[in-house]
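One structure below.
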Amino acid sequence: MGSLAPYARAEPDSVHNDDSRSRKANTRQLFLTIIFTIIDGNKQRISLFRILAVPFRPMTTRTRFAPSPTGYLHVGGARTALFSWLYARRHGGEFILRIEDTDRQRSTPESVDAILEGMAWLGLDYDEGPIFQSDRFDHYHEVIQRLLDEGKAYRCYCSRERIDAVRAEQMARKAKPRYDGHCRHRTDAPSENAPYVVRFRNPLSGEILVDDLVRGAVSFQNDELDDLIIARVDGSPTYHLTVVVDDIDMGITHVIRGDDHLNNTPRQINILSALGATPPIYAHVPMIMGPDGQRLSKRHGAVSVMQYRQEGYLPEALLNYLARLGWSHGDQEVFSLDEMVELFDITNVNRAAATFDTEKLSWLNQHYIKNIEPMHIARYLSRHMGQLGVDPSEGPDLVEVVMVQRERAKTLGEMANNSLYFYKDFDRFDAGSEKHLTRDAGNALQKLHSHLMALEEWSATRIHETIMDVAEDVGMKFGKLAQPLRVAITGRTFSPPIDITLELVGKNQTLRRLERAVEYTSGT
RNA sequence: GUCCCCAUCGUCUAGACGGCCUAGGACACAGCCCUUUCAAGGCUGCAACACGGGUUCGAAUCCCGUUGGGGACGCCA
């Protein structure tokens, strides 16, 4: 990354224009200028010069996802990543992944891996990155120094104790706690090597208008803001400084992020202006809540994207669910990633926070399990079978299993669990299922055993016929015989249709399990 | 507490210009049908414009207020 080159002249007022969410992008502003030029004959040359004078303004839409590596990829983070990604893909732009690891204490390489893994699993590819802020400290220091030199920032020698006391006093007065500007005008240092932080000299008056793509125009008074720290006592830069510098350097045109950053925006715009840069366009998407209406967190259960993978959710389902959480396109519920790219409109994102609903996610997951190519599902399922200690190559074709199980599983974990008996014998009947293994049933099963043994073609059709025959023979209805048979073969009361189940379990295993069940009934 | 944001069925939402809304869809739930279990599927049902004022011939849609919820107020991001 080069030095901080402003992409345009400082236009502090440019944030104040346009009064609606309709503002599309920089391109539109340029367009207007050009049209104006054409109709304005006399001033044409001057106006044209103005356009050309703007050194370089990236016309390409560039969005970014900038997580801090202090944990796993959260579903909320995944959603803002998705929205940013969709926006870039929709508008022919570029999507950048930036790791905000300026807090060296909390950032961990494991978290970085978790984030990259999550992004990869979801299929959110990036055109640049991951870019690590920790690699750019020298550059941040230059910027901080420049701000200091220009008097746009100052050294603050206040002790933490003093700050705490000020805050406590303000809270007691029921005022908003903030820095009181004690060192704002100080020119000397209290002592030779006195420790200090660097604070940004925020304007004292005036109004900042954030023209947000999802929230519309939001205004803030500068006198509500305080002078925030941009460099810690050890000299390291803080978040507010690094986001701004990076967004400028990386040519980010649209900042799509969580709602919790809306209040940070005016301060960042002030820093942006101090650096002579034009603010990007902002879009603050609402947060995701837990069922109790509180911000979604680990205590609500699964929040890590990889945990959903672990439980057997498909990336297609999670992506679809996340997109529909806040965004909509009429009544449509199911979207492929490609469709989302085609239809996504950030201005259609809802302003209100949404509650995460696992039930609906599960429904979508099952929808995808049922509709995606069985071969594809089989590949995912294979991994889950393996985790349960089963090698799927040692039994029926997994694709066949998927086809008979996909209508009765919400997750692949569930499907794997319910498919174990196709690959290995079970050692006990499910609690309550043995009640189907009565002495009467035993007699029928005994008879069925010999008929099945004589069966030459082991197919669902032939098996079905055999069961029918035996049922008729012993004077039972099909279902009456099917249920004890099911318990005998699967150890449980539910399974795919019994004939297909038997076919997949295989003749040998079927006969063996039947014998065992018959033996069991003789003891009842 | 201060500032900012938000407010349609239990949940996600549709609702461009106010009349097409006796508010639509989906999940969940209930019932019925189908049925060899469990599902899946089909049909039906339950269920909401937070409240109060305006503006208007007419408001879920516009304005104000109230209430409620969320967020920010870190040498975290």
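Order of the sequence lines sets the chain letters (A, B, ...), proteins ahead of strands, with each chain counted from 1.
- Residue Glu472(A) qualifies as open at atom CD: its count of foreign heavy atoms under 6.0 Å is 12 or below.
- Between U36(B), C27(B), C5(B), one nucleotide has an atom nearer to the side chain of Trp363(A) than all others, and that is C27(B).
- Note on Val233(A): a base of the nucleic acid sits closer than 4.0 angstrom, heavy atoms only.
- The base of G71(B) lies outside donor-acceptor range of the side chain of Asp259(A), with no N or O pair under 3.5 Å.
- The nucleotide whose nearest atom lies closest to any side-chain atom of Lys174(A) is, among C4(B), U37(B), G1(B), G1(B).
- One atom, CG of Asp331(A), and another, P of C27(B), lie 12 Å apart when rounded to the nearest Å.
- Residue Thr102(A) is in sugar-phosphate contact alone, with no base atom involved, counting any heavy-atom pair closer than 4.0 Å across all strands shown.
- Base contact: His240(A) has a heavy atom under 4.0 Å from a base atom.
- Nucleic acid contact class of Gln332(A) (heavy atoms, under 4.0 Å, all strands): none.
- Contact annotation for Pro496(A): base contact, defined as any heavy-atom pair under 4.0 Å involving a base atom.
- Rounded to whole Å, the C1' atom of U61(B) lies 38 Å from the corresponding atom of A77(B).
- Note on ring orientation: taking the six-membered ring where Trp is involved, the planes of His261(A) and Tyr239(A) are tilted (angle from 30° to 60°).
- In this structure, the CD1 atom of Ile500(A) is 17 Å from the P atom of A39(B), given to the nearest Å.
- Checking C75(B), A26(B), G71(B) against every side-chain atom of Arg160(A), the shortest atom distance belongs to C75(B).
- OP1 or OP2 of G41(B) lies within a sub-4.0 Å distance of a side-chain N or O belonging to Lys370(A).
- In the set C27(B), A40(B), G71(B), the nucleotide with an atom closest to the side chain of Lys410(A) is A40(B).
- To the nearest whole angstrom, the two C1' atoms, one in G71(B) and one in U55(B), are 32 Å apart.
- For C73(B), the paired base is G1(B) (Watson-Crick or G-U wobble, both distances below 3.5 Å).
- A gap of 12 Å separates the P atoms of G54(B) and A59(B), to the nearest Å.
- Listed for the Asn371(A) side chain is a donor-acceptor partner under 3.5 Å among the backbone atoms of His367(A).
- If you check every strand for non-hydrogen atoms under 4.0 Å, Glu333(A) touches a base.
- The aromatic rings of Phe344(A) and Trp327(A) are tilted relative to each other, their planes meeting at an angle between 30° and 60°.
- The separation between Ile115(A) atom CD1 and A77(B) atom P is 14 Å, rounded to whole Å.
- Closest approach to the Val218(A) side chain among C4(B), U36(B), C38(B) is made by C4(B) (side chain taken as heavy atoms from C-beta onward).
- Tested against Asp227(A) for a salt bridge (Lys or Arg N to Asp or Glu O under 4.0 Å), the candidates Arg184(A), Arg199(A), Arg178(A), Arg201(A) yield a single pass: Arg184(A).
- With Tyr282(A) as the fixed residue, the side-chain contact (heavy atoms from CB on, under 4.5 Å) test singles out one of Val214(A), Val218(A), Asp212(A): Asp212(A).
- With C3(B), C27(B), C75(B) as the choices, the nucleotide that has an atom nearest any side-chain atom of Lys360(A) turns out to be C27(B).
- The distance between atom CG of Asp260(A) and atom P of C4(B), rounded to the nearest whole Å, is 18 Å.
- Distance, Met289(A) CE to U13(B) P: 12 Å, rounded to whole Å.
- With a cut-off of 3.5 Å on both pairing distances, the Watson-Crick or G-U wobble partner of A7(B) is U67(B).
- Residues meeting the side-chain hydrogen bond (donor to acceptor under 3.5 Å, both in side chains) test with Gln483(A), sequence neighbours left out: Arg486(A).
- Between C38(B), G71(B), C4(B), one nucleotide has an atom nearer to the side chain of Phe220(A) than all others, and that is C4(B).
- An OP1 or OP2 oxygen of A40(B) is reached within less than 4.0 angstrom by a side-chain nitrogen or oxygen of Gln366(A).
- Remark: aromatic rings of His182(A) and Tyr157(A) are distant, center separation not under 6.0 Å.
- Between the side chain of Arg351(A) and the base of C6(B) there is no donor-acceptor pair of N/O atoms closer than 3.5 Å.
- Across A30(B) and G69(B), the matching P atoms stand 31 Å from one another, rounded to whole Å.
- Nucleic acid contact class of Ala352(A) (heavy atoms, under 4.0 Å, all strands): sugar-phosphate only.
- Among the protein residues, His436(A) comes within range of no part of the nucleic acid, since none of its heavy atoms lies under 4.0 Å from any strand.
- At C12(B), one or more side-chain N or O atoms of Thr355(A) fall inside 4.0 Å of OP1 or OP2 (strictly under the cut-off).
- Summarising the geometry, the separation between CZ on Phe356(A) and C1' on G70(B) is reported as 18 Å, rounded to the nearest angstrom.
- Nucleic acid contact for Asp226(A): none, since no nucleic acid atom lies under 4.0 Å from a heavy atom of the residue.
- Here C21(B) sits opposite no nucleotide as a Watson-Crick or G-U wobble pair (both hydrogen-bonding atom distances under 3.5 Å).
- Residue Ser328(A) has its side chain nearest to A14(B) when only A72(B), A14(B), C75(B) are considered.
- Contacts of Ser236(A) with the nucleic acid, taken as non-hydrogen atoms under 4.0 Å apart, are absent.
- If you check every strand for non-hydrogen atoms under 4.0 Å, Asn350(A) touches sugar and phosphate atoms only.
- Searching all strands for a Watson-Crick or G-U wobble partner of C29(B) with both distances below 3.5 Å returns G45(B).
- Between C73(B) and Arg178(A), no contact under 4.0 Å exists linking OP1 or OP2 to a side-chain N or O.
- Ranking U2(B), U36(B), C4(B) by closeness to the Leu262(A) side chain, first place goes to C4(B).
- Phosphate contact (OP1/OP2 of A39(B), side-chain N/O of Arg492(A), threshold under 4.0 Å): absent.
- Distance CD (Glu359(A)) to P (U11(B)): 14 Å, rounded to an integer number of Å.
- When both distances must be under 3.5 Å, the Watson-Crick or G-U wobble mate of A40(B) does not exist.
- Here Tyr520(A) and Phe429(A) bring their ring centres to under 6.0 angstrom of each other.
- Rounded to whole angstrom, the span from the CD atom of Gln105(A) across to the P atom of A77(B) amounts to 10 Å.
- Backbone-only contact: Gly326(A) has heavy atoms under 4.0 Å from sugar-phosphate atoms and none from a base.
- Along RNA chain B, the nucleotide nearest to Leu325(A) and the one nearest to Ser495(A) differ in position, and the one closer to the 5' end is contacted by Leu325(A).
- Among the nucleotides G69(B), C38(B), C12(B), the one closest to the side chain of Gln294(A) is G69(B).
- At a threshold of 4.0 angstrom between heavy atoms, the contacts of Arg167(A) are confined to the sugar-phosphate backbone, with no base atom among them.
- Using a 4.0 Å heavy-atom cutoff across all strands shown, Arg324(A) reaches at least one base atom of the nucleic acid.
- Distance noted for atom C1' between C12(B) and C29(B): 16 Å (whole Å).
- You'll find the ring centres of Tyr321(A) and Phe356(A) inside the 6.0 Å limit.
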